[in-house]
There are 2 protein chains.
Amino acid sequence: MAGRTRIYDVASAAGVSIATASRALNGSGRMTAETRERVKRVAAELGFRPNAMARGLLSNRSFTVGLLTNDSYGRFTLPVMAGISEALIDCGVSVFLCAIEDDPALGAVHVDAMLDKQVDGIIASGKRIDRRLPVDLSNLPVPVVYAFTEGPADSVTLVSDDFQGAHEAVEWLLRLGRKRIVHVTGPENFASVRLRAQAYRKLVGEGGEVLCGEWSELWGHAAVERLLSSGGDMPDGIFCGNDQIARGVVDACRERGIDVPRDVSVVGFDNWEIVASVTRPPLTTVDMNLRTLGREAGLTVLALAEGKPVERGIRKLPCELIVRESCGAGPRA
Amino acid sequence: MAGRTRIYDVASAAGVSIATASRALNGSGRMTAETRERVKRVAAELGFRPNAMARGLLSNRSFTVGLLTNDSYGRFTLPVMAGISEALIDCGVSVFLCAIEDDPALGAVHVDAMLDKQVDGIIASGKRIDRRLPVDLSNLPVPVVYAFTEGPADSVTLVSDDFQGAHEAVEWLLRLGRKRIVHVTGPENFASVRLRAQAYRKLVGEGGEVLCGEWSELWGHAAVERLLSSGGDMPDGIFCGNDQIARGVVDACRERGIDVPRDVSVVGFDNWEIVASVTRPPLTTVDMNLRTLGREAGLTVLALAEGKPVERGIRKLPCELIVRESCGAGPRA
DNA sequence: TCAATATGGGTAAACCTTTTCTCATCTTCG
DNA sequence: CGAAGATGAGAAAAGGTTTACCCATATTGA
């Protein structure tokens, strides 16, 4: 605890000046290989660790970025966070996580705190791609990247490609030979819902049946009841808007003696492990690759911080179909 | 972006020296109330924000703490994180979140990064209270607090009180007049499982039936089947080790025509909203108050950082029973 | 009226590292 | 053998803030 070793200690122990010590450790300047080695060895022996604040004071960088989110539950933000961290730790950059709920005042406080800490950049994240965080991040003295949340028109925004993801899911059902596919999804006021429905309709035609409800297992249950009581044929494929709905659908089918995947194939969305892999049978579902999204967001904000040119606008990252058992043996299998 | 305003700017704009400006803003030193006010007003107008690195360089504090976790999913860590953040933001302290999975190398990298950043303290957190993080945090130059994870013998450790929480749950069932209560819980190698079972047995006697399995809905389902096929009376109260098991139990009961809560009262554990409030009927369950745990952890690590005396050892924080509908109308209702 | 004491505010050092000059020594070539 | 260039390494400044120390001026008491 008492007095960390400073570069001054390293220098005197190695018998050189602090300038030489600094250059030796940073690989800059010219000096005998022997000198450089000796300094490095001494530094290692002393457990020298350069003071980030002194360094930051000089370079005007903190090697720190802030992640702002209103996803208090963390279901979307945590994978994004993991990706950011993974990408940036190699560059010695750490991440401040600030959960601001939906409170503008709390948001402002956290943004202020970040700016005080001289973050090199801020990543804004959320729980849906068509809502904004309750804070104004324009005109900040640091670069801002929006990941999985809506940003202003001229911002750098990264989102997952809902259309493409849904397209993959429905295409998979079609390739399995499913003929009558319905889409059970969440509330229509979600952009994700509309995008996924568009992809669905593009593949099955405008006659495709889209049932909008909530993001819950209950709604999945209820949707199955509705499909059965409507008198029409039971569909042989159900594309669900998220894994919870899919779980409800699968449970309801089982309760009614409809076999998944024999009688009906079910696809979910989100690849929320804790739901998808525990459902019986485990769900085939769409993964939004949030970790990759986070990685890209981290690298992008860093590039901006370093003044490198970055293309502005919305960048959509592809989703990926995760095949489990809720659709039966796939054509690729 | 170009050149933040420094205290120098404030000083010259207010017509005082930087020393006076600094003292005016920090409320120290002696000066005319008028002078102090004027400096503050000018600082506000210029949007002055003291450079945290310069300040930290001097005070040898970063106003930063690190949160280390292997709970990649965030179910336990996120509430803890929210509590820490909530408690510390008022002191101007921000939180680095480092998700290290279970990788010792990654853990070491992140700890190094934190120390480089001169964190004022580290909070270690996890997903169970009887496992350690795969990193050695002893002999660090900064204080460490363990929250919801096991720490060394002489450490400061905060955990939720599993025994007390389970006691409340079973007591509730007894007060509702339930006579034959069983306990369906997770794997016996969890300390939480043993502690909760102890509390259960203390109340129902040594004859109490404890069914250990997994933390999954499937196990909840299976446990109900086992209870029914064993030939004995169906219990009228089931205390479950977590909300997922409880959900499985409730679902299985419904499938078999056993009414919850009329025929059997079910209590869960964790108050994991997304499961507890969506189960039909919504679960009465035990909340571990992880947010409060986080808040305490934050305040404690800060106290240590400031050299204040802190009692070492394990501190157990009380759980709280959240009453919903899976037990029927309560005696208090 | 003069010395002693508050009172208000300025000067400069300190925190630790990086980096720009600058200088001394060694090598090499004419 | 002398000068120019290459090479290695040191001195010092810079970065923004806090604070110990110091110095004026105003006030008080004798």
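Within every chain, numbering begins at 1; the chains are lettered A, B, ... in the order of the sequence lines, protein sequences first and strands thereafter.
- Distances shown here put a side-chain N or O of T35(A) below 4.0 Å from the OP1 or OP2 atom of dA9(D).
- dG15(D) atom P lies 16 Å from atom CD1 of I7(B), rounded to whole Å.
- When distances run from any side-chain atom of T20(B) to the nucleotides dG9(C), dT17(C), dA9(D), the shortest one goes to dG9(C).
- Residues L293(A) and R291(A) fail the side-chain proximity criterion, which asks for heavy atoms closer than 4.5 Å.
- Across the protein-nucleic acid pair, Y8(B) atom OH and dG15(D) atom P stand 12 Å apart, rounded to whole Å.
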Any N/O pairs under 3.5 Å between the protein and nucleotides 20-28 of chain D? List them or say none.
from: dA20(D); atom 1: N6; to: R23(B); atom 2: NH1; distance (Å): 3.3

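- A sub-4.0 Å separation between OP1 or OP2 of dT18(D) and a side-chain N or O of S22(B) is present.
- Look at T32(A) and you'll find a side-chain N or O under 4.0 angstrom from OP1 or OP2 of dA9(D).
- Inter-residue side-chain proximity for L88(A) and S94(A) is flagged as unmet; no heavy-atom pair is nearer than 4.5 Å.
- When side chains are defined from C-beta on, R61(B) counts as touching E306(B), because their heavy atoms get closer than 4.5 Å.
- Listed nucleotides dG10(C), dG10(D), dT17(D) differ in distance to V16(A); the shortest reach to its side chain belongs to dG10(D).
- Shown here for S62(A) and Q118(A), the closest heavy-atom pair between the two residues is OG-O, 2.7 Å.
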Can you give each donor-acceptor pair under 3.5 Å made by side-chain atoms of residues 131-143 of chain A, sequence neighbours left out, with the distance rounded to 0.1 Å?
from: R132(A); atom 1: NE; to: E150(A); atom 2: OE2; distance (Å): 3.1
from: R132(A); atom 1: NH2; to: E150(A); atom 2: OE2; distance (Å): 3.4
from: R132(A); atom 1: NH2; to: G151(A); atom 2: O; distance (Å): 3.4
from: D136(A); atom 1: OD1; to: S138(A); atom 2: N; distance (Å): 3.1
from: D136(A); atom 1: OD1; to: S138(A); atom 2: OG; distance (Å): 2.6
from: D136(A); atom 1: OD2; to: S138(A); atom 2: OG; distance (Å): 3.4

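- Defined by atom type and a distance below 3.5 Å, a donor-acceptor pair is present between the side-chain atoms of T77(B) and T69(B).
- Salt-bridge annotation for R38(A) and E34(A): present, with a side-chain N of the basic residue lying under 4.0 Å from a carboxylate O of the acidic one.
- In this entry the distance linking CD of E37(A) with C1' of dA9(D) reads 17 Å, nearest Å.
- Using a 4.5 Å heavy-atom threshold, the side chains of T149(A) and R128(A) count as separate.
- Within residues 51-64 of chain A, the residues that place at least one heavy atom under 4.0 Å from DNA chain C are, in residue-number order, N51(A), A54(A), R55(A), L58(A).
- The CG-P distance, from L25(A) to dA9(D), rounds to 14 Å in whole Å.
- Residues R295(B) and E86(B) are in side-chain contact: their nearest non-hydrogen atoms beyond the backbone lie under 4.5 Å apart.
- In this structure, R6(A) atom CZ and dC15(C) atom C1' are separated by 10 Å, rounded to whole Å.
- The CD1-P distance, from I18(A) to dT20(C), rounds to 15 Å in whole Å.
- Regarding E34(B), its CD atom lies at a distance of 18 Å from the P atom of dT7(C), rounded to whole Å.
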